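Encoded as structure tokens, the structure appears first; notes follow it.
Keep in mind the model is a prediction, meaning the values are calculated, not measured. Each ligand, and each atom within it, is numbered from 1 in the order the structure gives.
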Amino acid sequence: MTKNQEPLKRAILNPATEETLARVKDAGEKEVNSAVSLAKKTFPLWASKSPAERAGLLFAWANLIEENSARLAHLESQNTGKPLKLSQDGDLPFAVDNLRFFASSARVSETPASAEYATGYMSFLKREPIGPVALITPWNYPLMMAIWKLAPALAAGNSCVIKPAELTPLTTLEIAKLALQAGIPEGVINVVLGGEETGKLLTSRPEIKMISFTGDTSTGRKIMSQAAPTVKRAHLELGGKAPFIVFEDADLSAAIQGAVVASFVNAGQDCTAATRLYVHKKVFDRFTADFVRETKKIKLGLFDDPQTDMGPLISEEHRDRVEGFLERAKNIKILLGGNRPSHLKRGFFLSPTIILNAEQKSELVQKEIFGPVVCLLPFKDEAEAIQLSNDIEYGLAASLWTANTQRALRVSSALRFGTVWINDHLPLTSETPHGGFNQSGFGKDLSRMALEEYTVIKHIMADMTGDIRKPWHYTVFGKK
Ligand code: NAD
């Protein structure tokens, strides 16, 4: 390569080894415009397919993803560093199930009944696709997040331009190829690569009628303002800072096991991860000792080592960001971790970290760290547990652990979060909605509610009388 042929392409890394997996070229204005034009052109074709036809193609796509799931899981883990078992047994089967769920749901459209709501008129309510939609995804579950958006958007009849996160585009490109193989027409799914600049170009196009975004709350604020000039619908799945409340009567072994998984899954890079463990003061010491003991058993390593429980953080920059929280913190006690594991010489690893004595108002407790860092905090009674849990700008997910059914129901009602688990933390299903309260955003992923997010309601009102002048005309002009 000569000096004049500087590589324009950006390296995509394996964050555990820092090896380059691929090189990609970010989409500029020309590429974004051409993707949006294609989505606009194919929109009428895709929207006019019957729900059964669309469902058939989505099922064919789901089958191909399933057939290729070993290869896709491997690529996903290579690009994110997450253990293969998490991609293989978690992300891939769930994504396939999500796709099948939305394929089936495409055939059931719900609105209030058609009826004569005004005398002499018949009203029909229809759900229609919105138009070409922009789908913007994060790097923590790249394939699954792509399916969470593509599946309902396509099932509802929209064409799409998807922009995966700049660090993790590989599986999105692969599933887009499989969509073509499944028979989904060219131009219905368009992929553009790049980061914020590409995202801004995409969201500014007037042909795009909706922006569905998953990512950081600060980016969500920008998306809202980018949507404003052309009054686009925005669907925002943003950050979280989930409380995990352990009452004194909880099954402590189950809660400790649950806390280890919920805090350190995907190296804590999960919007629903347990990050604030509020534990009743009567059981605080016991919980703390056992939680530390169990967390010590987590094995960090390469994604394809079956012993690996936890991989690296996604990038050097992100690890620096997470470590910044620890460096700035005052008067805390780091019970475990807080350092880079010495046995892993390369990659962006950070040990599971447990913190004591963090203040409720500190950034460690208030801000999303998005890494393997968890704060242990005592509480004295139910009212305080609720107050501390709700004292946050986010509202995505929470859990509570107790043997008392009345208390479980009371506290789950009082918590201001989109999902509240009782005696568990993390599980989601295709049938149930996922989305935030407060600054965790609005709109729901998963479930029939997600399908509805990608539709717009049309009211068609038809005169049934044939009279030229209707009674209501006289109330506007003239006399009877
Ligand atoms: P991010 O906000 O940095 O980026 C998300 C996506 O937005 C990327 O594709 C990025 O390139 C793009 N982007 C950035 N600026 C943009 C702009 N101005 N216009 C258009 N696109 C832009 O988030 P991230 O670091 O990739 O992901 C981590 C975040 O995602 C965390 O906050 C996490 O909580 C959140 N998340 C939320 C959910 C949920 O369901 N609520 C699920 C997964 C992740």
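- Protein heavy atom nearest atom 14 (C) of ligand 1, with residue, atom name and distance: Thr219 CG2, 3.4 Å.
- When Met144, Glu166, Glu196 are checked for heavy-atom proximity to atom 10 (C) of ligand 1, Glu166 turns out nearest.
- Residue contacts with ligand 1 include Pro164, since one or more of its heavy atoms lies under 4.0 Å from the ligand.
- If you check which protein heavy atom lies closest to atom 35 (C) of ligand 1, you get Gly215 O, 3.3 Å.
- Contact annotation: for Gln226 versus ligand 1, heavy atoms closer than 4.0 Å belong to the side chain alone.
- Residue contacts with ligand 1 for Gln269 are absent, since no atom lies close enough (heavy atoms, distance under 4.0 Å).
- Closer than 4.0 Å to atom 4 (O) of ligand 1 lies none of the heavy atoms of the protein.
- Taking the six-membered ring wherever Trp is involved, the centroid distance between the rings of Phe442 and His235 does not fall below 6.0 Å.
- Close to ligand 1: Gly195, with a non-hydrogen atom less than 4.0 angstrom away.
- With a 4.0 Å heavy-atom cut-off, ligand 1 is reached by the side chain of Asn140 but not by its N, CA, C or O.
- Look at Asp91 and Lys82 and you find a salt bridge, because one of the NZ, NE, NH1 or NH2 atoms lies within 4.0 Å of a carboxylate O, short of that distance.
- Distances shorter than 4.0 angstrom occur between a heavy atom of Phe213 and an atom of ligand 1.
- Heavy atoms of Leu396 found under 4.0 angstrom from ligand 1 belong exclusively to the side chain.
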* To do: Could you check Phe59 against Leu64 for side-chain contact (heavy atoms from CB on, under 4.5 Å), going step by step and ending with a plain yes or no?
  => CA-CA 9 Å; Phe59 273 119; Leu64 278 177; over 6 Å; no
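- Both the sub-6.0 Å distance and the 45° axial angle are satisfied by Arg328 relative to the ring of Phe325.
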